Amino acid sequence: MPIIDEVGRKSWHIRVVTALMYVVLAVLGVAMVYPFLITLTASTSNAMDYRRFAPISRAIWSHEERFVRGMVPLFPSKMRGNMEQLTLLFNAVPPKWSN
């Protein structure tokens, strides 16, 4: 037994309310998926990606990001000046790379 009867479905008021309900549900669905993607990306990240809250890792499409992501475990994060060592080894390190 439907909540809105067939006579009420033909009214433009009810059609607007139904459309708004679908829009709200779609927006809330996207709002639920976005934090889930951030959580999945954070679970596969290392110290370089610690402060980045992106739904998709940049290492997927950037060769440089993948390279530095592979180099970060070689420099202990508890050691002071580990990022400075990385910049000394690679002259072309952009300032956006940090851990």
Side-chain angles (χ1 to χ4, degrees):
M1 185 170 171
I3 294 174
I4 302 171
D5 59 353
E6 295 205 22
V7 175
R9 286 185 200 159
K10 296 178 182 175
S11 169
W12 66 274
H13 296 289
I14 299 299
R15 288 185 184 196
V16 169
V17 169
T18 305
L20 284 175
M21 286 190 326
Y22 278 113
V23 168
V24 167
L25 286 172
V27 168
L28 292 177
V30 170
M32 212 168 67
V33 170
Y34 185 75
F36 181 70
L37 288 176
I38 290 175
T39 304
L40 284 179
T41 303
S43 68
T44 60
S45 65
N46 60 9
M48 187 184 106
D49 299 327
Y50 184 71
R51 297 272 182 216
R52 296 180 184 172
F53 299 108
I56 299 174
S57 177
R58 291 183 213 165
I60 291 175
W61 64 81
S62 173
H63 183 274
E64 293 85 12
E65 293 280 335
R66 275 193 306 271
F67 176 72
V68 173
R69 217 173 147 184
M71 293 298 293
V72 165
L74 301 176
F75 298 94
S77 61
K78 298 196 186 299
M79 195 167 82
R80 185 175 287 183
N82 60 347
M83 209 55 208
E84 287 79 17
Q85 290 179 0
L86 189 64
T87 57
L88 288 175
L89 285 173
F90 305 103
N91 295 331
V93 172
K96 67 179 178 177
W97 285 349
S98 65
N99 60 357

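Everything numeric in this text was worked out from a predicted model, so none of it was measured. Throughout, numbering of the chain's residues begins at 1 and tracks the sequence. Only heavy atoms go into these numbers, but all of them, side chains included; no hydrogens, no water, no symmetry mates.
Applying the side chain to side chain contact (heavy atoms under 4.5 Å, CB included) test to W12 and every residue at least two apart in sequence or in another chain returns V16. In this structure T41 satisfies the side-chain hydrogen bond (donor to acceptor under 3.5 Å, both in side chains) test with no other residue, sequence neighbours excluded.
Atom OG1 in T39 sits 7.5 Å away from atom CZ in F36 (nearest 0.5 Å).
Between A42 and S45, the shortest heavy-atom distance links the atoms O-OG, 2.8 Å.
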